Amino acid sequence: MIEELYATYYHELVDWCSMMVHSQSKAEDLVQEAFVKAMTNIEVLSTLSTKQRRSWLYRTVKNLFIDKVRHTARETLTDILPEESLQEDVYSTLDSKQLLHVLPEKERLLFTMRYLQGYSSTELGQLFHLPSGTVRAKLSSARKHLREALE
């Protein structure tokens with residue numbers, strides 16, 4: 001069954017995922033991880049219809065992507081000691097990443113994906129199953145928190 005799912009959905013999932021991650025190789029890695037999860041959940045997949053299996057794969061890829069974004073957002077650059085020869089923009093990037101950590105996790109994730117990765121509020125709403133108005137409200141709240149932190 002996994003071979004059939006792989007043959008049917010692999011390229012479709014990679015194309016869809018590459019739009020999210022903006023990298024063909026990262027998309028392939030995420031899709032491969034999804035199929036590994038499929039192999040470990042074969043008993044669940046065997047009870048699902050064809051459409052449900054497809055949905056399961058898409059949801060798994062999306063969840064893996066969100067996990068990667070969250071993991072990246074949690075990483076701090078404070079463990080890396082900057083060398084004296086580093087340029088000014090490296091320091092401003094460090095300050096920006098540290099500043100993002102004042103945001104609540106959901107706001108930080110949405111803010112990063114919207115303003116640093118270029119997703120629209122509609123796309124974010126679809127990814128997180130939220131109305132786009134709710135996404136815009138959370139982004140507004142994130143901007144307010146950042147303004148307060150800067151003052």
Side-chain angles (χ1 to χ4, degrees), residues 1-80 89-90 92-149:
M1 175 178 49
I2 296 295
E3 296 86 8
E4 179 184 324
L5 289 171
Y6 189 87
T8 305
Y9 299 117
Y10 176 78
H11 293 292
E12 179 182 330
L13 286 166
V14 168
D15 291 342
W16 176 73
C17 189
S18 65
M19 288 188 294
M20 284 192 301
V21 297
H22 306 291
S23 167
Q24 184 75 20
S25 63
K26 288 180 183 178
E28 290 171 353
D29 290 345
L30 284 171
V31 172
Q32 289 295 334
E33 283 183 56
F35 278 102
V36 169
K37 283 195 175 281
M39 286 188 287
T40 60
N41 290 291
I42 193 76
E43 63 282 346
V44 173
L45 286 171
S46 63
T47 65
L48 301 176
S49 70
T50 302
K51 286 183 180 183
Q52 290 173 323
R53 289 178 187 152
R54 181 177 182 265
S55 294
W56 188 93
L57 286 168
Y58 269 88
R59 191 172 43 254
T60 302
V61 170
K62 181 192 80 167
N63 290 340
L64 287 168
F65 169 69
I66 291 169
D67 288 347
K68 295 280 185 196
V69 170
R70 285 180 182 156
H71 178 73
T72 302
R74 287 184 187 144
E75 290 179 352
T76 61
L77 294 178
T78 56
D79 296 336
I80 302 171
D89 51 44
V90 173
S92 64
T93 301
L94 178 63
D95 290 343
S96 299
K97 291 199 183 245
Q98 288 176 334
L99 186 60
L100 287 176
H101 285 289
V102 303
L103 296 175
E105 182 179 334
K106 184 93 172 186
E107 286 182 8
R108 181 175 52 241
L109 179 62
L110 290 171
F111 186 89
T112 302
M113 291 178 73
R114 171 68 181 102
Y115 296 109
L116 301 179
Q117 296 177 352
Y119 288 91
S120 70
S121 57
T122 304
E123 292 171 326
L124 290 172
Q126 290 171 347
L127 277 171
F128 296 102
H129 303 290
L130 296 170
S132 57
T134 302
V135 172
R136 287 191 294 275
K138 290 191 180 296
L139 290 171
S140 175
S141 176
R143 289 190 303 271
K144 179 183 172 194
H145 284 117
L146 289 173
R147 257 187 254 114
E148 290 172 359

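Values in this document were obtained by computation on a predicted structure and should not be read as measured data.
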- Give the minimum heavy-atom separation between Ser46 and Arg53, together with the two atoms involved. O-NH2, 3.6 Å

- Rounded to the nearest 0.5 Å, how far does CG of Asp15 lie from OH of Tyr10? 10.0 Å

- Report the C-alpha distance between Leu45 and Ile2 in whole Å, list the side-chain angles of each, state the deciding distance to 0.1 Å, and finish with yes or no for side chain to side chain contact (heavy atoms under 4.5 Å, CB included). CA-CA 9 Å; Leu45 286 171; Ile2 296 295; 4.3 Å; yes

- Query: Which distance, rounded to the nearest 0.5 Å, do you find between the CZ of Arg59 and the CZ of Arg54?
  - Reply: 12.0 Å

- Task: Answer with yes or no whether the side chains of Gln32 and Tyr6 bring together a donor and an acceptor at under 3.5 Å.
- Result: yes

- Query: How long is the gap from CG on Leu57 to NZ on Lys37, to the nearest 0.5 Å?
  - Reply: 12.5 Å

- Query: Crowded around Glu148 CD? As in, over 12 foreign heavy atoms under 6.0 Å?
  - Reply: yes

- Residues in side-chain hydrogen bond (donor to acceptor under 3.5 Å, both in side chains) with Glu33, at least two apart? Lys68

- Message: I need the minimum non-hydrogen distance between Val61 and Cys17, along with the two atoms involved.
- Response: CG1-SG, 3.8 Å

- Message: How long is the straight-line distance from OG1 of Thr134 back to CG of Leu124, given to the nearest 0.5 Å?
- Response: 12.0 Å

- Item | Shortest non-hydrogen contact between Lys138 and Glu107, atoms and distance | O-CG, 3.8 Å

- Side-chain heavy-atom pair Lys144, Ser141 within 4.5 angstrom cut-off: no

- Is there a donor-acceptor contact under 3.5 Å from the side chain of Thr60 to the main chain of Trp56? yes

- Query: Where do Lys26 and Leu30 land on the side chain to side chain contact (heavy atoms under 4.5 Å, CB included) test, with the steps shown first?
  - Reply: CA-CA 6 Å; Lys26 288 180 183 178; Leu30 284 171; 5.6 Å; no

- Scanning both residues in full, the closest heavy-atom pair of Glu123 with Ser120 reads OE1-N, 2.9 Å

- Query: Is the shortest heavy-atom distance from the side chain of Val135 to the side chain of Arg114 under 4.5 Å?
  - Reply: no

- Leu48 to Val44 - nearest heavy-atom pair and separation: CG-O, 3.4 Å

- Task: Could you tell me which residues satisfy side-chain contact (heavy atoms from CB on, under 4.5 Å) with Ser132, sequence neighbours excluded, listed by chain and number?
- Result: Ser121, Thr122, Arg136

- Message: Suppose we screen for ring pair (Phe, Tyr, Trp, His ring centres under 6.0 Å). Which residues come up paired with Phe128, at least two apart in sequence or across chains?
- Response: none

- Message: Measuring only between side-chain heavy atoms, which start at C-beta, is Val36 closer than 4.5 Å to Met39?
- Response: yes

- Message: Could you report the tightest heavy-atom contact between Leu64 and Ala34, atom names first, then the distance?
- Response: CD1-N, 3.5 Å

- Message: Rounded to the nearest 0.5 Å, what separates atom OH in Tyr9 from atom CH2 in Trp16?
- Response: 14.0 Å

- Message: Quick one, Leu109 with Glu105, criterion side chain to side chain contact (heavy atoms under 4.5 Å, CB included). Give me CA distance, side-chain angles, the key distance, then yes/no.
- Response: CA-CA 6 Å; Leu109 179 62; Glu105 182 179 334; 5.6 Å; no

- Note on the structure: dist Thr50:OG1 -> Glu4:CD (nearest 0.5 Å) comes out at 7.0 Å

- Give the intermediate values and the outcome of side chain to side chain contact (heavy atoms under 4.5 Å, CB included) for residues Leu130 and Lys106. CA-CA 12 Å; Leu130 296 170; Lys106 184 93 172 186; 4.0 Å; yes

